[in-house]
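Indexing begins at 1, ligand by ligand and atom by atom, following the structure's order. What you see is a predicted model; the values in this text were computed from it and never measured.
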Amino acid sequence: MSIDWEVVIGLEVHCQLLTREKLFCSCPTDFGAPINSNTCPICLGHPGVLPVLNAEAVEFAIRAGLALECEVRARSVFSRKHYFYPDLPKGYQITQYELPILEHGKLFIEPESGAARTIGITRIHMEEDAGKSIHMDTGATLVDLNRAGVPLIEIVSEPEMRSADDAVAYLKALHEVVRYLGVCDGNMEEGSFRCDANVSIRPRGQAKFGTRTEIKNMNTFRGVQRAIEYEISRHIEVIEGGGAIIQETRLWDEGAGRTRSMRGKEDAHDYRYFPEPDLPVLVLDPAQVERLRGTQPELPAAMRKRLVSDYGLSPYDAGVLTAEPVLARYFEAAVAAHRNPKAICNWVTSELLGRVSATAVGECSVTPHGLARLVALIDDATISGKIAKTVFERMMETGRAPDEIVEAEGLRQVTDTSAIEAIVRGVIEANPVQVSGYRSGKVGLKGFLVGQVMKQSGGKANPGLVNELLDRLLAEG
Ligand code: ADP
Ligand code: MG
Ligand code: ZN
């Protein structure tokens, strides 16, 4: 008899907040500063110094919580979580424990497999990051404390995911939300968006959860997927082989494609949590929370809906455009300058994204305004769609405006009937074989003749006129 196992997954996500200063001191948070330069007595944990809470970090945390439909706690408390590690100078981390700033939220997910649904968010708390240990080839370990004290939010989900696909969908949805809000840059490789996955299995129908393991050290969505899938099969193998899963923390080894035991799981009492005596209770003014609620930016899911309903885009195109906040903004800026959303969408998704990555469109030499102007030139028949591609190339190379390029290079569409007629007559004369073929019924040959005319006009003849004139002159003969 084989057992029908149900998988249970809960995720803990740490997001580094994009504040200018650290959580309890005014050291800068910029990534890549010289080692140990972004430090001061507060984040170095010198005795006798006092932490002061960064108001911007509180605001960012609340914005994330509101986007995830959390309740905002009017009073929340910071606590000390004790552990020893060389990158933790104070010997404890200031975090929130019993009374976090945000609770009871939810996030809508659309997994690759399985049903679209809402996943509960248990809590979001604020805390400071630790420093970074750098392990040298020589065996020595160096410590960089630039990151010590950088503000984080930890977003804890309910154990409501049932597959690796669910977990990846949750992470992607969360990633998108924090990036749209601008509260986190979402850079997984640099560690500003980190995920720990708690995984267990139980026979389907059983109410009690199985023993869980917690996996750390995954820094791509693909890594999360593989690590969870590996861990699920490991649990099944161990349990079906008569063994038992022990509750522990495991590390994902990307190269080996497996998880390894790192340490036994600590219990909360090991950390000897107690309220941080150097910080007052965090009391929030309801008016401030309402002001933030009223000024929340549009979230990606709402934006996708709007692109479909207001602009008539397909859900697929709306998805491509909103995959990156900068790309969505680029598109909207272009449409604001020239209201032809479908054409602008085509140019963005094919030509623009064919040349620059979605994250880099903000620095591209073709500005939203320039692209809008290019589409306007096609729409008012100043240039043909084909010539527009040439103009687009020049815009990419030179950053010049499309009007300037069209004028400087003489690319205006020829709509002068007599000029086109002369070319059409020339082409008919030069291609007697195709012309008589066409007249005896091989209508497909017209395409060849159109091509010849377009070629001789340098692509500038108005294609509608060319067709019209060809039809007339071929019928005359
Ligand atoms: P910690 O890991 O810090 O002890 P919690 O006990 O609150 O914190 O759990 C952390 C995460 O583990 C949460 O996302 C929760 O949903 C998930 N979780 C708890 N129990 C299980 C379980 N048996 N299987 C899978 N995930 C679980
Ligand atoms: Mg945990
Ligand atoms: Zn500092």
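Within ligand 1, the atoms closer than 4.0 Å to a non-hydrogen atom of Gly210 are 23 (N), numbered from 1 in the order shown. Against a heavy-atom cut-off of under 4.0 Å, Ser157 is close to the following atoms of ligand 1: 13 (C), 14 (O), 15 (C), 16 (O). Atoms of ligand 1 lying under 4.0 Å from any heavy atom of Glu214, numbered from 1 in the order shown and given with element: 2 (O). Each of the following atoms of ligand 1 lies closer than 4.0 Å to a heavy atom of Val156: 13 (C), 14 (O). Residue Val8 approaches ligand 1 through these ligand atoms, each under 4.0 Å from one of its heavy atoms: 24 (N), 25 (C). Close approach of ligand 1 to Phe209 (heavy-atom distance below 4.0 Å) involves ligand atoms 23 (N).
Between Asp144 and Lys132 no salt bridge is recorded (no basic side-chain N to carboxylate O distance below 4.0 Å). Ion pairing between Asp403 and Arg373 holds under the 4.0 Å rule for side-chain N and carboxylate O. Contact check on Glu6 versus Arg162 returns a salt bridge, with a Lys/Arg side-chain nitrogen under 4.0 Å from an Asp/Glu carboxylate oxygen.
Asp30 and Asn38 are linked by a side-chain donor-acceptor pair at a separation below 3.5 angstrom, with hydrogens and angles left out of the test. The closest side-chain donor-acceptor pair between Thr211 and Gln247, if any, does not fall under 3.5 angstrom.
Protein atoms of type N/O/S that fall under 2.8 Å from the Zn ion (ligand 3) number 4 in this view.
The number of heavy-atom neighbours closer than 6.0 Å to CZ of Phe209, taken from other residues, nucleotides and ligands shown, is above 12.
An N or O contact shorter than 3.5 Å links Pro159 to ligand 1 by distance.
A donor-acceptor pair under 3.5 Å is formed between the side chain of Arg147 and the backbone N or O of Gly131.
Ring centers of Tyr273 and Tyr92: at least 6.0 Å apart, outside the cut-off.
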